[in-house]
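Remember, predicted model here, so these are calculated numbers, not experimental data.
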Amino acid sequence: GWAGEGPGASGKNRHVCHAAARLEMGSLWEEFNRLGTEMIVTKAGRWELEWLGELQRWGGHTFPPSSLCRRMFPTFQVKLSGLDPLADYVLLMDFIPLDDKRYRWGWGSGGRGRDLGVLSPSLPCRYAFHSSSWLAAGRAEPAAPGRIHFHPDSPAKGAQWMRQIVSFDKLKLTNNLLDDNGHIILNSMHRYQPRFHVVFVDPRRDSERFAHQNFKSFSFPETQFMAVTAYQNHRITQLKIASNPFAKGFRDGDPEP
């Protein structure tokens with residue numbers, strides 16, 4: 001169904017108050033979320049490029065390193081409704097920490113981990129998966145520089161945004177604090193919530209006075225993830241290979257992840 005999440009319609013500009021967003025590939029996001037979604041945030045190093053090159057030669061299929069190491073998968077995609085077809089809008093995303101902790105993947109001391117295949121709400125700061133778990137490992141590192149990602153088609157008319165699925169397939173993640181390519185910078189082993197924002201391009205001269213009225217935000221809990229430099233949960237690796245179209249070389253030959 002359609003979601004109108006985040007700040008409500010109260011006090012919002014009429015051009016955004018009725019905006020609604022539906023997350024695409026919702027069932028796939030939920031499947032990942034049940035396992036505890038992980039997103040790679042490192043740039044491909046030399047060994048990764050060599051490894052992927054061998055896989056390409058072995059399987060005969062292209063497997064772009066950027067899709068493995070930096071782009072989000074599943075891709076964040078939404079279908080919009082409720083926009084003014086003739087008004088201009090900018091679409092953007094940012095990422096906020098879910099808590100003030102950093103994590104490690106290891107063996108838990110509790111007895112329930114072996115039986116769980118989902119994030120466990122009953123175990124504070126402990127995310128159990130079979131005998132291995134996400135465990136709180138201390139306070140979060142200082143927040144990475146806050147960045148936002150503008151959809152490259154922005155600004156565009158509401159009619160254009162509503163005509164087709166909006167895909168943030170160009171968005172890339174990194175843990176490189178010195179990144180100068182505009183990528184989203186995240187801390188590894190920290191949990192994040194992606195946020196999606198619809199911003200009305202107000203033509204009034206004093207539009208900055210109304211900035212708080214001219215946007216609407218959306219958050220989908222099933223898109224939460226752990227930022228990692230390498231996948232920790234082998235079932236996440238398997239699901240990414242099974243569902244990512246760029247991983248066809250893996251699926252055809254079924255090599256070990």
[atom2] on [Y] to [atom1] on [X], rounded to 0.5 Å:
X: Leu23; Y: Thr223; atom1: CG; atom2: OG1; value: 6.5 Å
X: Phe168; Y: Thr75; atom1: CZ; atom2: OG1; value: 11.5 Å
X: Arg195; Y: Ile148; atom1: CZ; atom2: CD1; value: 10.5 Å
X: Gln232; Y: Ser133; atom1: CD; atom2: OG; value: 12.0 Å
X: Glu31; Y: Ile236; atom1: CD; atom2: CD1; value: 9.0 Å
X: Ser132; Y: Asn233; atom1: OG; atom2: CG; value: 8.0 Å

Heavy atoms, side chains only, cut-off 4.5 Å: are [X] and [Y] in contact?
X: Leu92; Y: Phe215; result: no
X: Phe220; Y: Val78; result: yes
X: Ile184; Y: Lys172; result: no
X: Gln164; Y: Lys79; result: no

Excluding sequence neighbours, so at least two apart, what forms side chain to side chain contact (heavy atoms under 4.5 Å, CB included) with [X]?
X: Ala144; value: Leu177, Ile185, Asn187
X: Ala156; value: Gln160, Trp161
X: Pro74; value: Met25, Leu28, Trp29, Phe32, Met39
X: Asp88; value: Lys157, Val201

Query - Side-chain donor or acceptor of Tyr89 paired with backbone N/O of Asp84 under 3.5 Å - result: yes
Query - Backbone of Phe150 reached by a side-chain donor or acceptor of Ser154 within 3.5 Å - result: no
Taking all non-hydrogen atoms of both residues, which atom of [X] and which atom of [Y] are closest, and how far apart?
X: His197; Y: Ser217; value: ND1-OG, 2.6 Å
X: Tyr231; Y: Lys240; value: OH-CD, 3.2 Å
X: Cys17; Y: Lys12; value: CB-CB, 4.0 Å
X: Pro85; Y: Met162; value: CG-CE, 4.2 Å
X: Gln213; Y: Gly11; value: CG-O, 3.3 Å
X: Pro155; Y: Val90; value: CB-CG2, 3.9 Å

Query raised in the report: With under 30° as parallel and over 60° as perpendicular, where do the rings of Phe200 and His15 fit, or are they tilted in between?
Result: parallel
Query raised in the report: Considering residues at least two apart in sequence or located in another chain, which fulfil the salt bridge (charged side-chain N to carboxylate O under 4.0 Å, His left out) criterion with Asp169?
Result: none
Report task. Under the salt bridge (charged side-chain N to carboxylate O under 4.0 Å, His left out) rule, collect the residues that match up with Glu24, sequence neighbours excluded. Result -> Arg22
**Report entry** Stepwise side chain to side chain contact (heavy atoms under 4.5 Å, CB included) test for Thr42 and Asn175
**Finding:** CA-CA 6 Å; Thr42 49; Asn175 65 348; 3.6 Å; yes
**Report entry** Audit row: Ile40, Val228, side chain to side chain contact (heavy atoms under 4.5 Å, CB included) steps and yes/no
**Finding:** CA-CA 5 Å; Ile40 295 286; Val228 296; 4.0 Å; yes
Please list, chain by chain and in numerical order, all residues satisfying side chain to side chain donor-acceptor pair (under 3.5 Å) with [X], sequence neighbours excluded.
X: Arg102; result: none
X: Asp180; result: none
X: Glu30; result: none

Query raised in the report: Stepwise, does the side chain to side chain contact (heavy atoms under 4.5 Å, CB included) test hold for Val198 with Leu80?
Result: CA-CA 10 Å; Val198 177; Leu80 291 172; 4.2 Å; yes
Report task. Verify side chain to side chain contact (heavy atoms under 4.5 Å, CB included) between Phe225 and Glu38, making sure each step is shown before the conclusion. Result -> CA-CA 5 Å; Phe225 64 86; Glu38 300 174 19; over 6 Å; no
Report summary line: ring-ring contact (aromatic ring centres under 6.0 Å, His included) filter on Tyr192, not counting sequence neighbours, yields none
Query - Which residues share a ring-ring contact (aromatic ring centres under 6.0 Å, His included) with His190, sequence neighbours left out - result: none
Query raised in the report: So is Arg204 actually on top of Phe210's ring, under 6.0 Å and inside 45° of the axis?
Result: yes
Report task. Would you kindly confirm whether Tyr103 and Leu98 end up in one hydrophobic cluster when ILVMFWY residues are joined by side chain heavy atoms under 4.5 Å apart? Result -> no
Report summary line: salt bridge (Lys or Arg N to Asp or Glu O under 4.0 Å) pairs touching residues 141-153, sequence neighbours excluded, are Arg147-Asp179
Query - Test: Lys101 and Asp99 ion pair at under 4.0 Å - result: no
Query raised in the report: Between Asp94 and His149, do the side chains contain an N or O donor and an N or O acceptor separated by less than 3.5 Å?
Result: no
Query raised in the report: If we ignore angles and hydrogens, is there a donor and acceptor under 3.5 Å between the side chains of Thr37 and Gln224?
Result: no
